[in-house]
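Please read the structure below before turning to the comments.
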Amino acid sequence: MKNLVIFGAPGSGKGTQSQQLIQRYGLHHISTGDTLRSHIARHTPQGKIAEGYISQGHLIPDDLMVDILRAEIDDNPERVAHGVIFDGFPRTIAQAEALDKMLSERGLQVDAVIGLEVPEEELIERLLKRGKDSGRSDDNLPTIQERLKVYHGQTAPLKDYYERAGKYRRIQGSGALDKIASDINDAVDKL
Ligand code: AMP
């Protein structure tokens, strides 16, 4: 089975499209945002560190993030072997390199990166709307603006990283959900 990265700015629909990919291809979902929020809810030491970074819209330091991801992979070896959808990871070049290394040690690789591209105004609109009932500490305008700045500075360069590896698949991430899903599934079916 394939290992996919679902990639895009905050609000680009990574979580939503992950859900339909899980159903269609039976992939194991690893969302680092969900994992971190679960650490915070359980008051773990990692959660205590992560809390401040998340509420300010900043990235958790790479070392900590990579350790958390490694634990997620090691906790579910069988499910991981059947294919994973990585949602919200990697977010920096250092994380992408760490992921390549972690997978290659297990005889695996990232097979494709599904890049959801959505205009900036639409991202802000979607995140503000989600903020009305998400209860998330980071779905408010100043934090959204900071997260988008962080995305452009630290995460967007990954497009080049994966394009050079021939793995980046650009998907128009605005418009009807069904159309976005079928564009993604066409790209995955071709792998
Ligand atoms: P998300 O749910 O993917 O939007 O992530 C919410 C927040 O969790 C981000 O704004 C970061 O503060 C933190 N986070 C999630 N994934 C990562 C990652 N791969 N590296 C660093 N921070 C992350």
Side-chain angles (χ1 to χ4, degrees), residues 2-19 21-22 25 27-37 50 53-54 56-73 80 83-106 108-124 126-127 138 143-174 180-181 183-188 190-191:
K2 304 293 179 191
N3 295 306
L4 307 177
V5 171
I6 188 129
F7 181 86
S12 59
K14 299 188 293 293
T16 304
Q17 292 300 331
S18 291
Q19 291 309 318
L21 282 164
I22 293 163
Y25 298 99
L27 298 169
H28 177 52
H29 185 212
I30 297 183
S31 155
T32 45
D34 287 350
T35 303
L36 291 165
R37 284 183 287 274
Y53 290 99
I54 292 186
Q56 288 181 37
H58 294 153
L59 297 184
I60 274 66
D62 286 333
D63 287 358
L64 175 60
M65 202 61 245
V66 169
D67 284 349
I68 291 174
L69 183 82
R70 188 179 294 110
E72 286 294 299
I73 290 179
V80 166
V84 177
I85 175 143
F86 294 96
D87 168 2
F89 190 99
R91 267 178 155 99
T92 64
I93 299 281
Q95 291 181 13
E97 290 170 349
L99 180 62
D100 284 345
K101 187 157 173 273
M102 244 183 277
L103 291 177
S104 77
E105 283 165 6
R106 292 164 176 79
L108 303 169
Q109 62 167 349
V110 169
D111 294 290
V113 175
I114 306 296
L116 296 171
E117 306 208 348
V118 176
E120 190 99 351
E121 320 80 71
E122 197 173 329
L123 295 171
I124 296 174
R126 287 185 189 180
L127 290 166
D138 55 353
T143 314
I144 290 168
Q145 282 164 338
E146 188 60 26
R147 286 158 69 199
L148 289 171
K149 207 164 94 189
V150 167
Y151 170 77
H152 289 299
Q154 295 182 255
T155 306
L158 284 174
K159 272 195 236 178
D160 266 4
Y161 179 90
Y162 285 118
E163 245 158 24
R164 277 199 299 274
K167 294 182 176 173
Y168 190 77
R169 304 285 182 278
R170 181 184 177 280
I171 302 288
Q172 167 72 260
S174 53
I180 302 167
D183 288 350
I184 293 175
N185 296 338
D186 285 350
V188 175
K190 282 191 197 125
L191 293 174

Output the distance between atom CG (Leu108) and atom NZ (Lys2), rounded to the nearest 0.5 Å. 11.5 Å
Tell me the closest heavy-atom pair linking Leu27 and Val84, and the distance in Å. CD2-N, 4.0 Å
Run Leu191 and Leu4 through side chain to side chain contact (heavy atoms under 4.5 Å, CB included) and show every step you take. CA-CA 10 Å; Leu191 293 174; Leu4 307 177; 3.7 Å; yes
By side chain to side chain donor-acceptor pair (under 3.5 Å), which residues pair with Glu122, not counting sequence neighbours? Arg126
Rounded distance [0.5 Å steps], OG in Ser18 versus CD1 in Ile184: 8.5 Å
Would you sort out whether Tyr25 and Ile85 count as a side chain to side chain contact (heavy atoms under 4.5 Å, CB included), showing the intermediate values? CA-CA 10 Å; Tyr25 298 99; Ile85 175 143; over 6 Å; no
Report the C-alpha distance between Asp87 and Asp34 in whole Å, list the side-chain angles of each, state the deciding distance to 0.1 Å, and finish with yes or no for side chain to side chain contact (heavy atoms under 4.5 Å, CB included). CA-CA 9 Å; Asp87 168 2; Asp34 287 350; 5.6 Å; no
Distance, nearest 0.5 Å, that separates CG of Leu59 from CD1 of Ile54: 10.0 Å
Whether the side chain of Asp111 engages the backbone of Asn3 through a donor-acceptor N/O pair (distance < 3.5 Å, no angle test) should be reported. yes
Does the side chain of Leu99 come within less than 4.5 Å of Val66's, by heavy atoms? no
Residues 152-167 side chain polar contacts: donor-acceptor under 3.5 Å, at least two apart:
from, atom 1, to, atom 2, distance (Å)
His152, NE2, Glu120, OE1, 3.0
Thr155, OG1, Arg91, O, 2.8
Tyr161, OH, Asp100, OD2, 2.6
Lys167, NZ, Val110, O, 2.9

Note: Tyr151 and Pro10 closest approach over all heavy atoms is CB-CD, 4.0 Å
Thr32 and Phe89 have their tightest heavy-atom pair at CG2-CB, 3.6 Å
With sequence neighbours left out, which residue pairs that include part of residues 144-155 fulfil the salt bridge (Lys or Arg N to Asp or Glu O under 4.0 Å) condition? Asp138-Arg147, Asp139-Arg147, Glu146-Lys149
Trace of the side chain to side chain contact (heavy atoms under 4.5 Å, CB included) decision for Leu148 with Gln145: CA-CA 5 Å; Leu148 289 171; Gln145 282 164 338; 5.6 Å; no
Closest non-hydrogen contact found for Ala94 with Asp62 is CB-OD2, 3.4 Å
Any side-chain heavy atom of Leu36 sitting closer than 4.5 Å to one from Tyr53? no
Can you tell me how far the CD1 atom of Ile73 sits from the NE2 atom of His28, to the nearest 0.5 Å? 8.5 Å
Smallest separation among heavy atoms of Thr35 and Glu72, with atom names: CG2-OE2, 3.6 Å
Inter-residue atom distance Ser12.OG - Ile114.CD1, 0.5 Å rounding: 12.0 Å
Not counting sequence neighbours, which residues clear salt bridge (Lys or Arg N to Asp or Glu O under 4.0 Å) with Lys101? List them please. Glu105
Taking side chain to side chain contact (heavy atoms under 4.5 Å, CB included) as the definition, give me every residue that meets it alongside Leu64, ordered by chain and number, with sequence neighbours left out. Gln46, Ile49, Ile60, Ile68
With rounding to the nearest 0.5 angstrom, report the CD1 to CD distance, Ile6 to Gln17. 6.0 Å
Closest non-hydrogen atom pair between Val150 and Gly57, with its separation: CG2-O, 3.6 Å
For Arg169, check side chain to side chain donor-acceptor pair (under 3.5 Å) against everything at least two apart and list the hits. none
